[in-house]
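Encoded as structure tokens, the structure appears first; notes follow it.
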Amino acid sequence: MSAHAASDSRFVVSAQAPAMVAIATAVGTPSSFDEAAVAHLKLAISRYDVAVVEARKDKEIFISFEDGFQNLIDYGDIPQQDMAQIFRAIDELRTHLQRPREISGLDITIQKNIPFETHLGGRAASTAAVLVALARLWHASVAREDLIRLGNRIGDGVAEALTGGALITHYSADEQLQTPLLVQRELAMVIVPAAVDIEPQEMFQKVTVIRQTQSDAHDRSNLEFDSKLLHAVTHGEAEQVALMMHNDFQSALVSILPEHNDWLTAGMNEGALAAQTIGVGASLVFMTEDMSQAIELAERFEEHMEISAVAEYGPVAGAHLL
């Protein structure tokens with residue numbers, strides 16, 4: 001065994017990466033190929049997936065997932081894409097570092113605190129945490145900017161989880177852009193995770209149908225967020241954020257899942273400044289004035305609706321070592 005491999009085997013490295021919540025989402029006009037640009041205003045929040053990575057003395061790679069109580073998650077309950085993306089990340093970093101496969105065996109445990117398939121960036125967070133832990137385990141002299149470039153190749157949202165903070169993201173058929181924002185104060189909120197099996201393409205089509213029905217002919221060729229919203233986000237002005245946050249997918253989601261309208265109404269009735277679906281998914285965000293109100297709102301919502309809700313804050317830093 002090489003000296004490098006022997007040195008690696010002494011280490012167990014842990015890293016964590018945050019969930020990402022879109023507090024504003026704009027959907028462009030679909031092209032002739034039914035592809036529409038999407039812009040998000042996202043916050044990294046205080047809910048993390050953790051990767052614990054240990055070197056093996058062979059080339060085998062084993063990945064397991066645990067829930068928030070450190071109970072092993074059955075492989076049948078792990079989305080195939082979550083597992084495949086981690087393997088891709090390992091291979092991308094190993095190739096980037098020109099590291100031999102024969103000395104790159106790993107035991108990886110993902111402590112899963114961001115529920116699967118909830119469009120809160122959990123898959124990307126797990127992957128980003130693995131990348132940061134591996135860079136340390138393998139003694140890599142790699143800049144975060146290089147990891148972010150790798151993240152863009154590996155899968156949706158990985159670069160965002162590595163970057164953290166507040167971001168404007170813009171995705172279209174031919175480009176992926178992330179623009180970090182300098183934030184001075186945090187925002188408090190309640191997250192209601194929800195996993196629903198709806199294909200993104202169905203949501204895009206539903207948005208188009210709703211706009212046609214409403215004779216909505218607004219020009220959406222240039223997706224931008226109001227400067228007042230950006231100022232409110234960066235300065236932690238919760239009431240102004242609540243007034244201006246929006247999600248172009250929300251009407252489509254509620255038309256498919258009418259019960260979500262009851263969830264949104266319940267959040268407002270319990271004291272939220274604003275209640276909204278998150279991105280293309282079914283999870284919800286309730287904006288609050290501060291963390292104490294977020295904690296109280298989450299407890300009341302859970303009690304009355306019997307649906308899990310958690311108080312969080314953001315923005316927080318991107319993936320980092322523990």
Side-chain angles (χ1 to χ4, degrees), residues 19-45 117-124 152 155-161 163 166-181 189 191-230 232-233 241-258 260-261 263-264 267 274-287:
M20 301 293 296
V21 169
I23 59 171
T25 297
V27 180
T29 303
S31 67
S32 56
F33 300 100
D34 286 333
E35 295 175 337
V38 179
H40 298 285
L41 174 54
K42 291 187 174 183
L43 300 181
I45 64 166
E117 309 285 15
T118 52
H119 292 275
L120 296 173
R123 180 179 301 149
N152 277 322
D156 291 345
V158 178
E160 300 166 20
T163 304
L167 294 168
I168 297 173
T169 67
H170 188 281
Y171 294 98
S172 64
D174 53 3
E175 68 176 354
Q176 299 181 25
L177 299 175
Q178 294 102 29
T179 305
L181 302 176
M189 67 202 75
I191 303 299
V192 181
V196 177
D197 187 17
I198 300 176
E199 290 295 327
Q201 192 62 29
E202 181 181 355
M203 291 287 285
F204 279 106
Q205 292 171 352
K206 197 70 174 179
V207 168
T208 300
V209 169
I210 290 172
R211 287 175 176 174
Q212 291 173 345
T213 302
Q214 298 174 345
S215 300
D216 184 344
H218 286 90
D219 181 13
R220 295 182 173 84
S221 56
N222 186 23
L223 299 179
E224 294 182 343
F225 295 110
D226 193 298
S227 60
K228 292 181 180 178
L229 173 60
L230 300 182
V233 168
V241 171
L243 286 173
M244 301 189 70
M245 58 193 284
H246 60 88
N247 181 6
D248 285 357
F249 286 115
Q250 179 166 304
S251 58
L253 190 282
V254 171
S255 70
I256 297 170
L257 301 172
H260 265 53
N261 197 50
W263 297 13
L264 293 164
Q276 182 175 286
T277 59
I278 298 174
V280 74
S283 297
L284 308 182
V285 55
F286 303 149
M287 193 60 59

Expected output: side-chain H260 to main-chain A282 donor-acceptor under 3.5 Å: yes
With N152 via side chain to side chain contact (heavy atoms under 4.5 Å, CB included) - residues at least two apart: I148, A159, Q176, Q178
Side chains of V254 and L264 in contact at under 4.5 Å (non-hydrogen atoms): yes
Interatomic spacing from CD1 in I23 to NZ in K42 - rounded to 0.5 Å: 12.0 Å
I210 versus S255, closest heavy-atom pair with distance: CD1-OG, 4.3 Å
Mutual orientation of the aromatic rings belonging to F204 and F249 [parallel < 30°, tilted 30-60°, perpendicular > 60°]: perpendicular
Side-chain touch M244/L41, heavy atoms, less than 4.5 angstrom: no
Derivation and outcome, side chain to side chain contact (heavy atoms under 4.5 Å, CB included), residues M189 and V241: CA-CA 11 Å; M189 67 202 75; V241 171; over 6 Å; no
From CD (E160) to CG (L43), nearest 0.5 Å: 11.5 Å
Flag, side chain of S283 to backbone of T118, donor-acceptor distance under 3.5 Å: yes
Side chains of I278 and H119 in contact at under 4.5 Å (non-hydrogen atoms): no
Exercise: identify the closest heavy-atom pair between G279 and T25: CA-OG1, 3.9 Å
Side chain T277, main chain L284, donor-acceptor under 3.5 Å: no
Side chain to side chain contact (heavy atoms under 4.5 Å, CB included) involving T179 - partner list, sequence neighbours excluded: I168
T169 side, atom OG1; M20 side, atom CE - distance, nearest 0.5 Å: 8.0 Å
Atom of L223, atom of A39 and distance for their closest heavy-atom approach: CD1-N, 3.8 Å
N261 side, atom CG; Q250 side, atom CD - distance, nearest 0.5 Å: 8.0 Å
Short side-chain to backbone donor-acceptor contact, E117 and D197, under 3.5 Å: no
